[in-house]
Each structure stands twice: as structure tokens, then as C-alpha cells.
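Just so we're on the same page: letters track the sequence lines, and every chain starts at 1.
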There are 2 protein chains.
Amino acid sequence: MPRSQTTKKPTRIQREKTQAILEAALDVFSDFGFRGSTIDMIAARAGLSKPNILYYFDNKEAIHKTLLAELLQTWLDPLHQIDEAGDPIEEICGYVAQKLKMAREFPRESKLFANEILQGAPHILPEIEGELKELTSLKAKVVKSWITAGKLADIDPYHLFFSIWATTQHYADFDIQVRSVLGDGSDPFDTAGPFLDKMYRTMLRP
Amino acid sequence: MPRSQTTKKPTRIQREKTQAILEAALDVFSDFGFRGSTIDMIAARAGLSKPNILYYFDNKEAIHKTLLAELLQTWLDPLHQIDEAGDPIEEICGYVAQKLKMAREFPRESKLFANEILQGAPHILPEIEGELKELTSLKAKVVKSWITAGKLADIDPYHLFFSIWATTQHYADFDIQVRSVLGDGSDPFDTAGPFLDKMYRTMLRP
DNA sequence: ATATTTTTTGACTATATGGTCAAGTATTGT
DNA sequence: ACAATACTTGACCATATAGTCAAAAAATAT
């Protein structure tokens, strides 16, 4: 029985099935949120039976938690990469570009995160209050030091990060609104990048 | 039987109970989304029984639709108020301030909207593709004319609106993340206003 | 080829959920 | 005061949902 298996090397079938389940679950959870999704939906999307899903994962929440854990492993990468030794405006604008790229390439992950936050972050609040807060605090200090050195405009580092998160994740989370309002079938990300780059460069110039 | 009543003048009890139900439903739907909420939750929050809820509204979806309809009545007000005859930067920054004020005063409505959009806007897509799209198109033309007249920096009006929506609604929708990251118990809206004002003024300066 | 282990799933259980109903209570109208 | 209407809800129903189980099928090891 492979559920909660932690010691044996996973079999070929286990590797394949858990990936298929997680892939299907990401689709479903990103659209409907944790509470709004059912194991039957995930099973249907994965092309498996419900008991088969539960053969690989203890329960619905275990699937969700696995997805969130995977998400959190890479969610903070771009923020980690801000380099105090780098050029401030290039570092920040590079961060913006990275975040937008993540929104573009991993829209379901972004929506998974948004759904989780909207419901009060019941499953990831420790990580929000821990790793994210500490990392953001660390990078805010870096930004502050750049400002003090006269290399950046005098702005609030925390709100800078909030705005960057908002303006990049928005293209994934509010995708249907963005595309509907544009209405011309164009890919919003094509023009979002230059727009955001310009906005932040202009604002950050000391 | 007052359900679906459209002609008689509502009684005192009807007015009181429908308001109590909608107030409770807004709490629940904004936290859990439509699919993640139950009539029992709404009933508990309203201090009523489930059959009593269903005495006033046909079904769960009717409650949700009523809330969305109420939301949409005021959601676009700030955008309507952008005046082509006004000072461009003041008009845009006034709009930003209005949107932030709405996020601050009506966070549950903002989250209701976000939940709806995240799930593909199943109930309000007609309004998104209709009124919102047309109004945004109209105001984008206004912004375009200001740019052409040399009164605003040359930026993409649509992405300007997307950014304004993102950076203002973020404080309501991602409230728990914002407050956790700040971690000092301060009200993020206090410092968000000046930050956003400065960011947009700087960026919009021609 | 056979034994062992893993995987699969139809049938099932317990609980949750949306919604109904009839009868009692409360409110309103006369 | 009484009649009529509105309101309330415990009990209930039908379906949905999370999850279990035992047996059969498939895969793997020998």
C-alpha cells in the first residue's frame, strides 16, 4: 500500500499516478478552490476512479497540501534572487519580470495561491508568517539601504513588494477579466511586461 | 409567500430578514466562495434556520446572484467618475484613491468579486464582457486623448487600469498576506494611499 | 510458469448538502 | 377579539461527497 509511503523507492506506476493526480488536482483546485472541488472532479480529470485517487493520497486535503508545498518551494525563488550587490533598479525590474514570467507560465499555481489566501490562508499561514515575512523583511532592508544610498527613489519597500505581487499575479488570477476587457484576443502578457517595466523604472528612479 | 415576490410592498420582517441573510451570506461567500459555502453556514451566521433562509430566497444561487448584482451596481462607480474635462493626473489619482477607499470600506465585496473571477466569472461574465469592457474602453480612449495631448506619459491605458485594479483590490483580497508580512499590526491602508498616489503620479507625469 | 505484491474498482457506508413540507407561532388586518 | 396572512422550523427527502473494503486484475519478482 503506497499511501503515506516514505521509505520504499516509489514504483513506476506510483510515480506516474501521483503526477497525474497532482496535475489534475491543480487544474481543479485552481478553478474551484479547496472547498469547491471534489475528489470526483479530480478523478474525472485524471481519468482514474475515486478509490484509486485515495489509494495514492490519504485524503483530499493531502493532495491539496502536497500542491501547496510544491508551490511554496518555488514561489519565493524570484524574491530570494534579489541581490544587494546588484544594480537596484535592474534588480527590482528583474524581479518584476521574473514574477510576471511565473504568472504567465504557472497561472494555475498563482490561482491556487490566490484561492488559498482568499480563504484566509488556512493551510499556509505558518509559511506566510514565517518564510515569506522574514524574506520580505530581509529584502525590504536591502531596498531601504539602496534608498539611503540615494540609488532608489524614497518609497516604502513593503508597498513596493505588495504592488509588484499585485500587478504581476493579477494577470494570472484575474485572467478572464483582463482578456475580456481587452477583448481583442491578444495575449495580455505581451504588453504587460513593457508596461510594468516602465512603470517601476519610472517610479524607482531616484 | 415572499419568495420571488416582485409586486407587493415588502413587509418589515422581509426587509429585516433579507438584509440579515445578505449580510451573513456576504461574510460566508467572501471567505469561501460560492461552491465552498453552504446554506447552513449562512443560516448559522444569520442566526436563522435553513428553511427560513429558503423562505426568503429561492436557493443558494439566488442569494449569491443578489449579492453580485448589488456589488456590480457600485463596483464601476469610480470608473464612471473619471472626467475627460478634468486634470488628467488628478482624475487618475482620484480614481486610484476611490478604488483604494472601496477596498478599505468594502473588503468582503472585493473578495466576493475576486472569488467570482477566480472561478472564471461564471455568474458575471456578461457584465464583464459588457458594461465593464465598454466602460473601460471608453475611459481608455479618454486616457489616450490625454496622452496624445501631451498631458500624460505615454503608457498603455488598459494596463494602467489593470494595475490600478490590482494594486488597490490587493489590499482587500490578499489582506491576510499583507498584514502578516507587515507584521506590526499597522493598517496597511494608511500607508498604501500615499505610496500608490506617488507611484502613479510619478509614472503618469508626461 | 508461478508466486507475490501492487494496483484497481464496483459496491458500499456515513455524513453533508440543497431543498421541501406541514404544522405551529407570530404578525397584521378588520 | 378574531380572522387572515406571514413567518418559522423540526422532520424529512434526494442527492452529493469523502472515504472504505474486499476481491479481481495487473505488474513484478523469482
Whole-Å distance, Glu16(B) CD to dA26(C) P, equals 16 Å
Length of the line joining Asn52(B):CG and dG24(C):C1', which is rounded to integer Å
14 Å
Output the rounded distance in Å from CD1 (Ile53(A)) to P (dT20(D)).
14 Å
Which nucleotide wins on minimum distance to the side chain of Leu54(A), given the candidates dG19(D), dT7(C), dT9(D)?
dG19(D)
Using a cut-off of strictly less than 4.0 Å, decide whether Gln14(B) has a side-chain nitrogen or oxygen near OP1 or OP2 of dC7(D).
yes
Gap between atoms OH and P, on Tyr56(B) and dT9(D) respectively (whole Å):
9 Å
Quick check: does any side chain N or O of Arg45(B) sit under 3.5 Å from a backbone N or O of Ala24(B), one acting as donor and the other as acceptor?
no
Check this one for me: any side-chain N or O of Arg12(A) less than 4.0 Å away from OP1 or OP2 of dT6(C)?
no
Distance only, no hydrogens: is a donor on one side chain within 3.5 Å (strictly under) of an acceptor on the other, for Ser186(B) and Asp184(B)?
yes
Parallel under 30°, tilted from 30 to 60°, perpendicular over 60°: which one fits the rings of Phe162(B) and Tyr171(A)?
perpendicular
Look at the side-chain N and O atoms of Asn59(B) and state whether any lies under 4.0 Å from the OP1 or OP2 oxygen of dG18(C).
no
Strictly by side chain to side chain donor-acceptor pair (under 3.5 Å), give each pair with a member in residues 102-113 of chain B just once, sequence neighbours left out.
Glu23(B)-Arg108(B), Asp27(B)-Arg108(B), Asp31(B)-Lys111(B), Lys101(B)-Glu105(B), Arg104(B)-Asp187(B), Arg104(B)-Asp190(B), Ser110(B)-Asp173(B)
note: Ile13(B), atom CD1; dT5(D), atom C1'; distance rounded to Å ~ 11 Å
Among dT9(C), dC21(C), dG18(C), which is the nearest nucleotide to the side chain of Pro51(B)?
dC21(C)
Rounded to the nearest Å, what distance is computed from the OH atom of residue Tyr55(A) to the P atom of nucleotide dA22(D)?
15 Å
What's the separation between atom CD in Gln177(B) and atom CG in Leu182(B), rounded to the nearest 0.5 Å?
10.5 Å
Between Phe34(A) and His64(A), how do the two ring planes meet: parallel, tilted or perpendicular, split at 30° and 60°?
tilted
Show me the side-chain donor-acceptor pairs of residues 75-84 of chain B shorter than 3.5 Å, one per line, residues at least two apart or across chains.
residue, atom, partner, partner atom, Å
Gln81(B), OE1, Gln98(B), NE2, 2.8
Asp83(B), OD1, Ala85(B), N, 2.9
Glu84(B), OE2, Ser145(B), OG, 3.4

Listed in order of residue number, which residues of residues 24-50 of chain A have a non-hydrogen atom at under 4.0 Å from DNA chain C?
Ser49(A)
Length of the NZ-C1' vector between Lys60(A) and dT15(C), whole Å
14 Å
Strictly below 4.0 Å: does Thr11(B) bring a side-chain N or O up to OP1 or OP2 of dT27(C)?
no
